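Report on the following structure.
Note on naming: letters A, B, ... go to the chains in the order of the sequence lines (proteins, then strands), and numbering restarts at 1 for each one. Bear in mind the structure is a predicted one, so any value in this text is a computation, not a measurement.
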2 protein chains.
Amino acid sequence: MARLAGVSQTTVSLVLGGKADGVAISVETRQKVLGAAERLGYVPDPAASRLAAARNNLLGVFSFTSTFPTDVQHSYYPFLVGVEQEAASQGFDLVLFTGSSTGGARAGAHALNRARLADGCLVLGRHAPTEELRRLVDDGFPVVHLGRRDDPDGLAWVGADYVNAAREVVTNLVALGHREIVLICEDDPVPASTDRERGFHEGLVAAGVPTGPERVHRCADPERDLTPARLREWLASGVTAIVVEETDTSGAWRALNAAVAEAGLDCPRELSLALLGSPPPDDDGPVPTGFDIPRARLGAAAVRALAALVGGGRPDEPLVECAFRPGATVAAPPGGIPAAVLR
Amino acid sequence: MARLAGVSQTTVSLVLGGKADGVAISVETRQKVLGAAERLGYVPDPAASRLAAARNNLLGVFSFTSTFPTDVQHSYYPFLVGVEQEAASQGFDLVLFTGSSTGGARAGAHALNRARLADGCLVLGRHAPTEELRRLVDDGFPVVHLGRRDDPDGLAWVGADYVNAAREVVTNLVALGHREIVLICEDDPVPASTDRERGFHEGLVAAGVPTGPERVHRCADPERDLTPARLREWLASGVTAIVVEETDTSGAWRALNAAVAEAGLDCPRELSLALLGSPPPDDDGPVPTGFDIPRARLGAAAVRALAALVGGGRPDEPLVECAFRPGATVAAPPGGIPAAVLR
DNA sequence: TTGTAGGCGTTATCAG
DNA sequence: CTGATAACGCCTACAA
């Protein structure tokens with residue numbers, strides 16, 4: 001107790017706590033306290049203060065794959081960049097629950113309960129156990145999921161606005177003169193995928209181009225499905241641009257590029273390619289036209305939402321805009337701009 | 001208060017605290033407690049349990065540059081991989097203290113103090129404020145620094161064995177027949193650098209090759225310093241191999257490679273190059289002969305040491321071996337193996 | 001084997 | 001503006 005040391009008592013709390021609230025403290029006492037603290041090397045015990053304040057300024061981060069997988073590629077690193085920054089600026093430290101997935105000792109069904117030791121928690125990854133999350137939320141524990149959710153479970157989330165982003169890409173293609181556009185997506189009906197598809201159709205509709213399910217090529221095995229033959233088929237039927245969904249593995253994008261190369265096609269000239277997301281890091285081709293997912297900003301937004309929840313408020317806008325990325329894989333269609341467009 | 005919930009009270013502490021000590025608890029009550037805790041999602045408050053002079057199974061991680069810098073290149077990610085795994089297997093969760101460096105709001109002198117919330121803490125980065133660390137250590141708070149330290153401040157650390165690793169590389173060169181070997185290092189006398197230099201000399205001495213400071217080329221500005229002209233100078237004076245220190249930026253290694261290319265030299269044939277560390281990720285040349293820093297293992301070792309400290313024990317061996325990396329940038333010297341070696 | 005009491009170092013609430 | 005006093009939630013004797 002620095003109180004014993006110097007001359008004051010609870011005042012120490014006010015002085016060191018930096019509470020400029022209602023009360024004002026004489027410069028004199030303030031100095032006395034500060035001096036004593038300095039002399040005795042006194043520092044408030046965070047455990048005690050957090051206990052008393054009933055808040056520990058900790059935000060939990062729950063990822064349902066190792067937070068730091070050996071391969072950076074598969075990590076949430078980009079999100080964490082934003083999470084860390086925003087958490088810092090909001091005065092929170094982060095608790096990483098280890099072994100959330102690694103099947104560690106405490107990886108039982110109730111691993112999520114550990115989250116309660118923080119003021120709130122962020123959940124990353126698709127495989128979050130909905131049941132457990134529900135319990136947390138029902139108990140009034142602040143939780144924010146990083147990634148859009150369809151379930152009407154009241155779970156707060158923050159996600160990228162794939163609908164608008166995809167629409168923007170399509171709008172761009174149409175503006176260049178493309179009319180016959182195909183969407184390739186992997187067969188996994190998660191929001192990230194369905195949102196892109198919706199944006200794709202919306203972009204066409206908004207541009208007055210008829211569309212329908214026949215424009216969507218859903219493939220389970222891109223490697224085998226996207227062959228040079230299929231490409232030529234599309235070209236023959238008038239297709240001038242292909243839009244590809246981005247996924248974890250970028251399977252479709254890779255396969256498509258390989259097929260284009262194998263077919264000896266000249267990418268922007270004979271066929272335009274757009275990628276609804278970022279290219280894989282090892283991609284050495286030209287910058288694909290498409291959009292970037294603002295992962296750091298998503299992380300930051302998630303923390304902001306969580307902080308709001310923790311503070312008793314309501315999070316605001318859950319959607320974060322993606323930035324359109326003009327690339328080098330899209331150009332006007334080969335035949336020039338169709339007459340229909342010019343009229 | 002799971003106590004109100006179930007039927008017991010303080011027993012909860014015993015059960016959840018996993019204290020198999022003197023007392024034995026009826027399987028029955030144990031189940032009751034565990035059941036209730038589970039049902040209610042009860043988790044002991046870390047602040048409270050720590051305040052009560054116990055432990056909360058939290059390990060703090062303090063990095064003195066942003067833990068997640070925007071550029072993955074500069075991050076502690078590889079260490080964190082090991083830290084997370086080992087922490088998980090030792091039953092600890094991790095607390096990342098944010099804004100350690102970002103100059104955030106709480107970046108004041110007492111930022112480190114937050115560490116006391118955890119059972120112990122890991123410190124990464126060279127710029128750790130020694131003064132503050134001292135206080136923690138003096139107070140008996142378990143701290144482990146990731147990276148070797150010279151200061152005799154009693155601060156526990158875990159680091160890579162650069163001395164042996166560098167020696168091994170040199171030994172390898174000598175075995176191939178090299179005698180005139182030059183070491184290039186940047187001008188920054190941190191342990192990571194001086195250790196490599198020591199290993200370099202030791203390797204030569206052990207092989208019976210005379211050495212001295214004149215073999216070391218210390219350069220502040222590799223770009224300007226490592227010119228094709230200088231290379232030719234070295235070659236003319238009989239140098240057949242160059243050993244380069246690895247640094248954050250890999251400045252020397254890049255500059256050297258550029259100079260070699262510019263001078264039109266054939267790398268392993270006319271001149272052998274070894275790198276005391278890992279090449280930068282964007283390096284597209286042949287795999288450099290040298291050694292890899294076992295970052296994940298270092299992270300794990302640091303956690304192990306910290307866990308030992310927290311448990312009241314003493315950490316063991318602080319040095320972690322680096323793995324020799326046979327590469328494609330070293331070969332026998334051009335003149336063949338000198339007669340002196342063959343005799 | 002289980003319940004009771006005291007205290008860890010702060011903050012918060014209220015009187016002085 | 002400052003000094004008491006009561007929580008905060010948990011752990012550790014100690015008593016029942």
Side-chain angles (χ1 to χ4, degrees), chain A residues 1-37 40-58 91 113-119 139 141 312, chain B residues 1-37 40-58 106 110 113-119 135-136 139-141 310-312:
Chain A
M1 318 275 217
R3 28 200 66 163
L4 301 182
V7 264
S8 23
Q9 301 79 26
T10 309
T11 319
V12 169
S13 219
L14 293 178
V15 175
L16 297 183
K19 292 288 184 186
D21 286 17
V23 294
I25 298 174
S26 78
V27 185
E28 190 179 311
T29 0
R30 167 182 232 76
Q31 287 304 344
K32 247 193 305 196
V33 174
L34 255 26
L40 277 70
Y42 166 85
V43 278
D45 180 333
S49 84
R50 285 169 175 181
L51 174 58
R55 266 184 117 222
N56 50 35
N57 287 311
L58 251 33
N113 270 338
R114 286 192 59 75
R116 296 179 195 258
L117 107 199
D119 288 337
D139 289 358
F141 185 78
Chain B
M1 4 252 197
R3 31 197 66 162
L4 301 183
V7 263
S8 24
Q9 305 75 29
T10 308
T11 318
V12 169
S13 226
L14 294 179
V15 176
L16 296 183
K19 292 289 183 186
D21 287 16
V23 294
I25 299 176
S26 78
V27 184
E28 191 178 312
T29 5
R30 169 184 229 76
Q31 287 306 343
K32 246 190 311 196
V33 174
L34 254 27
L40 277 68
Y42 167 83
V43 174
D45 181 322
S49 82
R50 189 148 172 76
L51 179 58
R55 40 190 309 199
N56 53 194
N57 286 317
L58 253 30
R106 304 183 313 303
H110 298 297
N113 203 53
R114 284 179 290 157
R116 294 177 195 266
L117 177 64
D119 288 341
R135 277 202 47 75
L136 282 180
D139 289 359
F141 185 76
V310 168

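- Rounded to whole angstrom, the span from the CG atom of L40(A) across to the P atom of dG9(C) amounts to 14 Å.
- Not a single donor-acceptor pair under 3.5 Å links the side chain of N113(B) to the backbone N or O of P46(A).
- Per the geometry, CG belonging to D45(A) stands 19 Å off P belonging to dC8(D), to the nearest Å.
- The distance between atom OH of Y42(B) and atom P of dG9(D), rounded to the nearest whole Å, is 10 Å.
- In this structure, the CG atom of D119(B) is 20 Å from the P atom of dC8(C), given to the nearest Å.
- Of all nucleotides listed (dC11(D), dT10(C), dG9(D)), dG9(D) comes nearest to the side chain of L51(A).
- For D119(B), the side chain to side chain donor-acceptor pair (under 3.5 Å) partners are R50(B), N56(B), not counting sequence neighbours.
- Going from atom CZ of R116(A) over to atom CG of L40(B) covers 8.0 Å, rounded to the nearest 0.5 Å.
- We find that CG of L14(B) is positioned 10 Å from C1' of dT1(C), with the value rounded to whole Å.
- Counting non-hydrogen atoms under 4.0 angstrom, A54(B) reaches the backbone sugars and phosphates but no base.
- When rounded to the nearest whole Å, the span between CG of L117(B) and P of dC8(D) equals 20 Å.
- Distance CD (Q31(B)) to C1' (dT1(C)): 16 Å, rounded to an integer number of Å.
- Counting to the nearest Å, the P atom of dC11(D) and the CG atom of N57(B) are 11 Å from each other.
- In terms of the side-chain contact (heavy atoms from CB on, under 4.5 Å) criterion, residue partners of A115(A) (sequence neighbours excluded) are, by chain and number, F62(A), F97(A), L112(A), C121(A), L136(A), F141(A).
- For S49(B), taking side-chain heavy atoms from C-beta onward, the closest of the listed nucleotides dG9(C), dC11(D), dT2(C) is dC11(D).
- Using a 4.0 Å cut-off, some side-chain N or O of T11(B) falls inside it from OP1 or OP2 of dG3(C).
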